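Note sheet for the following structure.
In what follows, every heavy atom counts, from backbone to side chain, and hydrogens, waters and symmetry copies are set aside. Order of appearance sets the numbers: ligands from 1, and atoms from 1 within every ligand. No experiment lies behind these values; they were computed from the predicted model shown.
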Amino acid sequence: MVDPNTAKEVAQVAAVLLKELGLLEKMNEFLLRPTKHTIILLGASGTGKTSFCRRLRGLVPYVPREMRSRVSESVKGKLKGKLKLKIIETPGQIIEPFSIHRRQSISKAMREPNLGIINVVSYGYHEGNVVSNRAITKNNTVKQRFLENRRHEEILLLDEWKNTLCAPGGPARWLITVCSKADLWWTPTEHSPILQYYDEGAYYDNLGQSKNIDTSVFPFSSHDQQFFDLVRMSGYYTDNMRIRDEAALIARILSNFARVEA
Ligand SMILES: Nc1nc2c(ncn2[C@@H]2O[C@H](COP(=O)(O)OP(=O)(O)O)[C@@H](O)[C@H]2O)c(=O)[nH]1
Ligand SMILES: [Mg+2]
């Protein structure tokens with residue numbers, strides 16, 4: 001289980017962020033409403049969806065890479081102990097039958113009254129059930145070609161939902177792109193080229209009708225893990241940054257729902 005002090009710290013940082021946004025006062029009243037809140041969690045296989053969901057639920061985030069999600073799974077819980085939330089986690093693999101399960105979940109999500117989308121990406125650092133030499137060189141560095149191909153798949157997968165869930169009159173009210181695995185890619189630069197790629201680069205260019213709803217990009221890391229047990233983390237991402245990024249993301253999820261219902 002995640003250290004309870006960490007959870008407390010996340011709540012405190014989220015509260016400060018919400019106060020800055022002028023949303024803290026409204027939040028308590030909002031959290032107690034019985035409204036249904038649903039998030040569909042999308043993204044390519046191995047980007048870190050299951051780990052992300054586990055971390056938000058206070059469970060150990062590590063997932064063995066051989067263990068790929070096969071079907072969609074709905075988890076009901078309470079965010080910040082109060083907000084009633086359903087998260088539909090989808091399998092990311094592009095092949096059948098996973099793609100069929102995913103498309104079924106997307107179709108079902110069309111009927112949700114108050115839907116948020118979290119699309120998990122990781123700049124191509126997809127750690128899935130493939131032999132490591134497809135991704136890693138003999139010198140234990142990442143093959144840039146592998147990252148490029150996987151980023152291409154992140155973009156291809158947008159086609160499955162961007163112009164349906166996010167079309168005018170569609171169910172999605174907001175999209176948060178979670179750029180996961182910051183422990184692998186984060187370095188101290190003023191404008192992270194990786195976040196820029198998602199904020200305004202090729203990924204953004206391909207968002208289609210999602211551009212018409214509220215979109216934001218957040219760095220995130222569920223835990224430290226060497227890529228395929230071979231490639232080191234960047235070495236700059238600290239535990240404090242993990243807590244701060246998680247808190248900022250939780251604050252955004254809450255404020256996104258609150259804004260829609262205001
Ligand atoms: N380095 C690092 N590895 C992660 C992170 N999140 C998940 N992983 C690992 O990446 C692999 C794939 O994660 P998983 O959550 O199963 O991906 P999913 O297919 O999108 O559900 C697993 O071995 C995870 O432990 C992260 O933030 N950093
Ligand atoms: Mg999974």
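Applying the side-chain hydrogen bond (donor to acceptor under 3.5 Å, both in side chains) test to every pair with at least one member in residues 226-236, sequence neighbours left out, gives no pairs at all.
A cation-pi arrangement is absent between Lys181 and Tyr123 under the rule of less than 6.0 angstrom and at most 45 degrees off the ring axis.
For Lys108, the NZ atom is loosely surrounded, since the number of other residues' heavy atoms within 6.0 Å does not exceed 12. In the displayed structure, Glu73 atom CD is contacted under 6.0 Å by at most 12 heavy atoms of other residues, nucleotides or ligands.
A salt bridge is absent between Asp245 and Arg242; no separation between the charged side-chain nitrogens and carboxylate oxygens falls under 4.0 Å.
Ligand 1 lies under 4.0 Å from heavy atoms of Ala44, Ser45, Gly46, Thr47, Gly48, Lys49, Thr50, Ser51, Tyr62, Val63, Arg65, Arg68, Glu127, Ser180, Lys181, Asp183, Leu184, Ser221, Ser222, His223, Gln225.
Here Ser51 fails the criterion, with no N, O or S atom under 2.8 Å of the Mg ion (ligand 2).
Between Tyr197 and Tyr203, the ring planes are tilted. Angles from 30° to 60° get that label.
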